[in-house]
Amino acid sequence: MPYLGNEETVKELRRALSNPNIQCDQLRYRNTVLRVIRYLVEYVEQPLTAGLRDRAACVRRVAVLGWAKLHHLQPDSEIDAVVVNELYSLLRDPDPVVMVNCLRALEEILKEEGGVAINKPITHHLLNRLKECDLWGQCEVLRFLQRYRPKSEDELFDILSLLDASLVSPHPPVMAATLSLFLSLCSGVPSVSLAALERVRGPLLAACGSGSREMKFAALCHIQLLLRSIPGLLGAHYKRFFCGYAEPAYIKQRKMQVLVELVNDDNVGMLLDELKGYCTDVNPDTAQTAISAIGRIGRSYSDKCLEILTGLLGLKQDHITSAVVQTMRDLIWVCPQCSDTVCSSLEGCEETLQDSQGRQALLWLLGVYGERISSAPYTLEGFIDEVKSEISPGVKMELLTAAVRLFLCRPAETQDMLGRLLHYCIEEEADMCVRDQALLYYRLLLCGLDQTRRVLQARRSDPSLGVFIGRPAEPVGQWARSFNTLEPLKDGAVETEPASRGSPEHKTSTPANTSLCVFFLQGCEGAREEEDCVWVEECIECPTVPHCSPQSLQAAMQLVNIQALAFTPPQALPWRVYLYTHARRGTARRSLVLGELLYTGAACRLGDGRAEDEQTEATAAGRAEGEDGERRGIKVTLRLQPRDETCLRGFLSVLTTVLNTLTEHSD
């Protein structure tokens, strides 16, 4: 047996396989078996080659997968072109399982070359035989077909016609794979993509009612993707997302996230009643998710939601009170007009709160709105008296901030307790973060009350600001690649503590959150020194834009994928609009652009800073320029992260065109 080297090698392997000590050690026994397989390999090729031509389909199936396994065992071996050609020819095998196995084998063997090549003849052959394959075979074929790009529009619609039946398949995996292929092929035809999304509404709803929990959860995650582009897709079917008593918590929480997206004037009453019932669920995480969902709906239906939240405080349950206070904190941050109702409902909450996140939220409210809460100094004093027994550094740091803020508006009632708190935190506190923050506030107070107010009472949301509620419709292309993958399941992970964050000033802002406006206001100045962002200021002469209706302004910006976050009423001075958009740079991660439009009615003065200290060229003709760098018009401030000056200038050009177009139409 020359392929084994010599007879001693055979004897050695035989002794090893029969050795009881090796047989008891799984790792050693496995390594011995692998040695045997590596020695028997070159003689496997001949029977595998013969198996590809065998008359029995089951033999051909195994032989095809055998070649893939052989390549896996010897990944560095040369690829036999004869075998590859043989496997390509077997794509036309009469047995559909052999055909699918060939795709898998070629993908493994040609991995270094980019996998199996899909051309026009192969594409049409696979499409015509799609119905012959079993469930998972169809999914595999549809996945491989995403590599092909039709050469003409006629060919595209021919392919879509062949896929039409699979798009409404009763089997969710086939439907999802077909829709993913639809979105891939129709990336340049948005109307066809949207029509495909409309057609899968029925199969997705059916999947949400599946007996399999895993299938139901995956369907809910993918429905959230679709709602990003068609918010009203399932509005008439909102009752299908009501939670069942026996459903696991992760499905209940995901359903509540979908319900928030489906709320409108017609169903808001029923949805809030349903969510109110979930607030007392035996699972604290589910109850907190329901309360957070009510808070999100409260951004557009604040009166109804605040009535429910206030009623929940009367239950005097720790986890419910904590979630309600945190939700009120988040709601008042984006809807300052709710402040009076929130402040009047906080009396006595400190007696029920036990967890640190809830106490932090209450302390933030006492610090920011303490002048409206009559009992604020006494509540704060109770926290200060027990600060030595407090174990949460976050609560101590929030207590410091709240005490200094309350001192600025009610000094006579707060001065003594603030002094005691600062003394303890500086002299006795072991946590260095708390001690450093106490020293910061102490030194800040030494600089004077005016300087302290500038730091701690910076601009917050203007109560006159209206907020664009709801998620603006996104282009399908922004999420199409993640459809029918695991990404929707991990990216939209349910928050078990939906409001368990620190002060709103410290939150990580996202484009879907209207607190971006405040983040922009507070962060723009500091951002000018950051290395990974770039900012620019410009003055555009379009004085009639502030008189446009918010709906017209929003519609005009959405045409170029610019989303408006918040706006002041028309003709109000100063007039402001906050906006954002995403810019994709090739295959790299997306850039985030934040912007503010400001019109004061007077000349706008630009700062000295520019991207890379360079002045941006004029972007609007007919702009009037006065002395000392003053220009009359709308002041545009933009910030982009990560840094991309070309992208920022391009965005400024597009925004200028939109504003000038609005000016022409209003004239």
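The figures that follow rest on heavy atoms only: side chains count, while hydrogens, waters and symmetry mates do not.
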CG on L197 to CZ on F182, rounded to 0.5 Å: 10.5 Å
Test applied, side chain to side chain donor-acceptor pair (under 3.5 Å); reference residue, R61; option that passes from D93, N101, D95: D95
Stepwise side-chain contact (heavy atoms from CB on, under 4.5 Å) test for L52 and L87: CA-CA 8 Å; L52 295 178; L87 291 175; 4.1 Å; yes
Gap between atom CD of Q138 and atom CG of L135 - 0.5 Å precision: 6.5 Å
CA sep, side-chain torsions, deciding dist, call: E107, R147, salt bridge (charged side-chain N to carboxylate O under 4.0 Å, His left out): CA-CA 12 Å; E107 182 72 7; R147 301 181 181 179; 2.5 Å; yes
Sequence-distant partners of D265, side chain to side chain donor-acceptor pair (under 3.5 Å), two or more places apart: Y301
Given L652, L638, T637, the one that forms side-chain contact (heavy atoms from CB on, under 4.5 Å) with E538: L652
Spatial distance of atom CG (L126) from atom OG1 (T123) [nearest 0.5 Å]: 6.5 Å
Set of side chain to side chain contact (heavy atoms under 4.5 Å, CB included) partners for R92, sequence neighbours left out: P121, H125
E155: salt bridge (charged side-chain N to carboxylate O under 4.0 Å, His left out) partners, not counting sequence neighbours: none
OG on S152 to CG on D158, rounded to 0.5 Å: 7.5 Å
Ring pair (Phe, Tyr, Trp, His ring centres under 6.0 Å) partners for F241, two or more places apart: none
Qualifying residues under side chain to side chain contact (heavy atoms under 4.5 Å, CB included), relative to E247, sequence neighbours excluded: K216, C243, I251, K252, K255
All pairs passing side-chain hydrogen bond (donor to acceptor under 3.5 Å, both in side chains) where residues 170-187 contributes a residue, at least two apart: Q146-S180, R149-S184
